[in-house]
Trainee: 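Okay, handing you the structure first.
All figures in this text were calculated on a predicted structure; none of them were measured in a lab. What's counted below: heavy atoms across the whole structure, side chains too, no hydrogens, waters or symmetry copies. Just so we're on the same page: letters track the sequence lines, and every chain starts at 1.
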Amino acid sequence: MFNDTLQDFDISGFQDDLVSWYKQNKRDLPWRENQDPYRVWVSEIMLQQTKVDTVIPYFYHFLEKFPTVYELAAADEQEVLKAWEGLGYYSRARNLQHAVREVVEQYDGEIPSTPEQLGSLKGVGPYTKGAILSIAFDQPEPAVDGNVMRVFSRVLKIEDDIAQARTKKQFEHYTRELISKEDPSSFNQAIMDLGATICTPKAPTCMLCPVNEYCRAFDAGIEEQLPVKSKAKKQKIVPYAALVIMNEAGQVAIEQRSEQGLLASLWQFPMIPLVEVGQDHMENWFRSQYGINITIGSKEGNVKHTFSHLKWNLDIYKAKTEHLTDGNNTLTFVNKEDLDKYPFPVSHQKIKNYL
DNA sequence: AATACGGGGCA
DNA sequence: TGCCCAGTATT
């Protein structure tokens with residue numbers, strides 16, 4: 001199926017040097033305290049596209065609030081989102097709770113340990129499946145993430161575009177061949193630690209690398225040129241007016257976002273899409289949408305926020321209304337002190353400063 | 001095969 | 001700014 005890349009590669013020597021290095025140098029991380037599959041699972045979901053240092057405080061708090069699958073399954077979704085607030089990719093939290101509920105109902109609370117059952121859970125893709133199977137259940141399954149592709153693209157001198165799906169398949173194939181069958185958990189985590197601390201995206205410190213003698217890119221002096229990755233396209237800029245609307249009771253208006261799409265089910269200050277609505281028509285548009293009159297003051301400031309695929313440019317306005325509710329009950333008027341009970345995206349947490 | 005989906009840190 | 005990060009689901 002694949003070429004002869006692994007011909008003449010000293011697999012057992014590579015495994016031994018990598019795993020011994022890991023055992024002496026592994027990072028002390030909270031989810032490495034034990035092999036509890038639930039802890040491993042939660043950590044792997046949080047770590048998707050997210051740095052270790054960012055995850056650590058969330059992990060502690062989340063495990064304290066939801067120590068086992070049972071507490072998480074029983075929790076209110078808003079509570080789970082609140083615990084995820086600021087971490088991003090909020091569908092991870094929703095999918096995790098959905099999957100945990102399935103584990104409680106279908107598997108009597110025991111996290112399944114077969115690739116088929118585990119991989120069928122919401123939010124558990126090829127990487128997370130392999131990570132849980134290897135780390136929690138000691139099974140020799142590949143867990144191919146960005147680290148693995150970077151490390152092996154260098155070690156094996158693979159010059160295919162790692163942004164392509166078929167390239168990832170290649171790495172899964174090679175990792176399956178290379179992974180230690182005696183200690184797959186240490187092997188997979190060793191690659192991650194190596195990628196995070198030595199085989200870094202820029203300026204890898206090859207002189208400190210425990211497996212540099214096996215590294216074909218290092219041998220050829222092209223480690224900085226790998227991996228090859230095609231560029232992402234630029235984000236579109238989307239302008240909005242964000243409104244901090246106070247009523248005469250001193251309450252502020254917020255609303256919950258749709259259950260689907262961007263920042264699903266999170267809360268926000270009402271926003272007017274300035275692509276469709278002219279500056280002079282904001283109050284009219286608001287009345288047509290929400291059924292109440294508001295008086296918009298002058299612009300108070302601006303918040304820019306970059307997502308992976310778009311940029312929000314938010315002009316902040318303060319506004320007043322005489323109403324205590326809106327026409328269709330889309331808005332919720334809350335006391336300032338109660339704002340922190342609701343999960344807000346980071347962009348709208350910044351708007352709280354204008355209160 | 002491409003796109004949607006967050007947010008932070010770093011050169 | 002642009003790139004990267006312990007990716008997955010949807011189209």
Trainee: Checking salt bridge (Lys or Arg N to Asp or Glu O under 4.0 Å) for the pair A/K26/A/D193: CA distance, chi angles, key distance, verdict?
Mentor: CA-CA 7 Å; A/K26 65 177 167 186; A/D193 275 21; over 6 Å; no

Trainee: Within the distance-only criterion (no hydrogens, no angle test), does the side chain of A/R39 pair as donor or acceptor with the backbone N or O of A/N34 below 3.5 angstrom?
Mentor: no

Trainee: Under 4.0 Å from any heavy atom of chain A: name the first and the last nucleotide of DNA chain C that qualifies, 5' to 3'.
Mentor: C/dC3 to C/dA9

Trainee: Evaluate the criterion salt bridge (Lys or Arg N to Asp or Glu O under 4.0 Å) for residue pair A/K82 and A/E85; output intermediate values, then yes/no.
Mentor: CA-CA 5 Å; A/K82 185 66 192 176; A/E85 184 184 52; 3.0 Å; yes

Trainee: Can you name the side chain to side chain donor-acceptor pair (under 3.5 Å) partners of A/R150, sequence neighbours left out?
Mentor: A/N147

Trainee: List the residues meeting side-chain contact (heavy atoms from CB on, under 4.5 Å) with A/D8, not counting sequence neighbours, and say none if there are none.
Mentor: none

Trainee: B/dC10 and C/dA6: how far apart are their P atoms, nearest whole angstrom?
Mentor: 14 Å

Trainee: Sequence neighbours excluded, which residues qualify as side-chain contact (heavy atoms from CB on, under 4.5 Å) partners of A/Q235?
Mentor: A/T306, A/K311

Trainee: If we ignore hydrogens and angles and just use 3.5 Å, is the side chain of A/E322 paired with the main-chain N or O of A/I292 as donor and acceptor?
Mentor: no

Trainee: Go through the structure and list residues passing side-chain contact (heavy atoms from CB on, under 4.5 Å) with A/T68, not counting sequence neighbours.
Mentor: A/Y70, A/E71

Trainee: Which of residues 35-50 of chain A have a heavy atom under 4.0 Å from DNA chain B?
Mentor: A/Q49, A/T50

Trainee: Distance between the P atoms of C/dT10 and B/dG6, in whole angstroms?
Mentor: 14 Å

Trainee: Is there a side-chain contact (heavy atoms from CB on, under 4.5 Å) between A/L6 and A/L178 once you walk through the steps?
Mentor: CA-CA 9 Å; A/L6 295 182; A/L178 291 177; 4.1 Å; yes

Trainee: Quote, to the nearest angstrom, the P distance that separates B/dC5 from C/dC5.
Mentor: 22 Å

Trainee: Looking at A/A264, is its backbone amide N or carbonyl O close enough to the side chain of A/R257 to form a donor-acceptor pair, meaning the two atoms are under 3.5 Å apart?
Mentor: no

Trainee: What contact category does A/W31 fall into here, base, sugar-phosphate, or nothing, at under 4.0 angstrom with non-hydrogen atoms?
Mentor: base

Trainee: Between protein and nucleotides 9-11 of chain B, what N or O pairs are separated by less than 3.5 Å?
Mentor:
none

Trainee: Give, ordered by number, those residues of residues 130-143 of chain A having at least one heavy-atom distance below 4.0 Å to an atom of DNA chain B; if nothing qualifies, reply none.
Mentor: none

Trainee: Mind checking side-chain contact (heavy atoms from CB on, under 4.5 Å) for A/S258 and listing every partner two or more places apart, or none if nothing turns up?
Mentor: A/Q260

Trainee: Identify whether any heavy atom of A/F307 sits under 4.0 Å from a base atom; if not, whether one sits that close to sugar-phosphate; answer base, sugar-phosphate or nothing.
Mentor: sugar-phosphate

Trainee: Using a 4.0 Å heavy-atom cut-off, does A/R27 contact any base of the nucleic acid, only the sugar-phosphate backbone, or nothing at all?
Mentor: base

Trainee: For A/H305 and B/dG6, is the shortest distance between a side-chain N/O and OP1 or OP2 below 4.0 Å?
Mentor: no

Trainee: Return whichever of A/I162 or A/G119 has its heavy-atom-nearest nucleotide of DNA chain C closer to the 5' end.
Mentor: A/I162

Trainee: Would you kindly confirm whether A/Y354 and A/F344 end up in one hydrophobic cluster when ILVMFWY residues are joined by side chain heavy atoms under 4.5 Å apart?
Mentor: yes

Trainee: Suppose the criterion is side-chain hydrogen bond (donor to acceptor under 3.5 Å, both in side chains): which pairs have a residue in residues 202-216 of chain A, not counting sequence neighbours?
Mentor: A/D17-A/Y214

Trainee: Nucleotides 1-5 of chain B: which of its N/O atoms have a protein N/O under 3.5 Å away?
Mentor:
{"residue": "B/dC5", "atom": "OP1", "partner": "A/L262", "partner atom": "N", "Å": "3.1"}
{"residue": "B/dC5", "atom": "OP2", "partner": "A/H309", "partner atom": "NE2", "Å": "2.9"}
{"residue": "B/dC5", "atom": "N3", "partner": "A/Y89", "partner atom": "OH", "Å": "3.4"}

Trainee: Excluding sequence neighbours, so at least two apart, what forms side chain to side chain donor-acceptor pair (under 3.5 Å) with A/D161?
Mentor: A/S230

Trainee: Using ring centroids (six-membered ring only for Trp), state whether A/F62 and A/W84 fall under 6.0 Å.
Mentor: yes

Trainee: Please classify the nucleic acid contact of A/R257 as base, sugar-phosphate, or nothing, using heavy-atom distances under 4.0 Å.
Mentor: nothing

Trainee: Donor-acceptor pair, A/N188 side chain versus A/E141 backbone, under 3.5 Å?
Mentor: yes

Trainee: Base, sugar-phosphate or nothing for A/V52? Non-hydrogen atoms, less than 4.0 Å.
Mentor: base

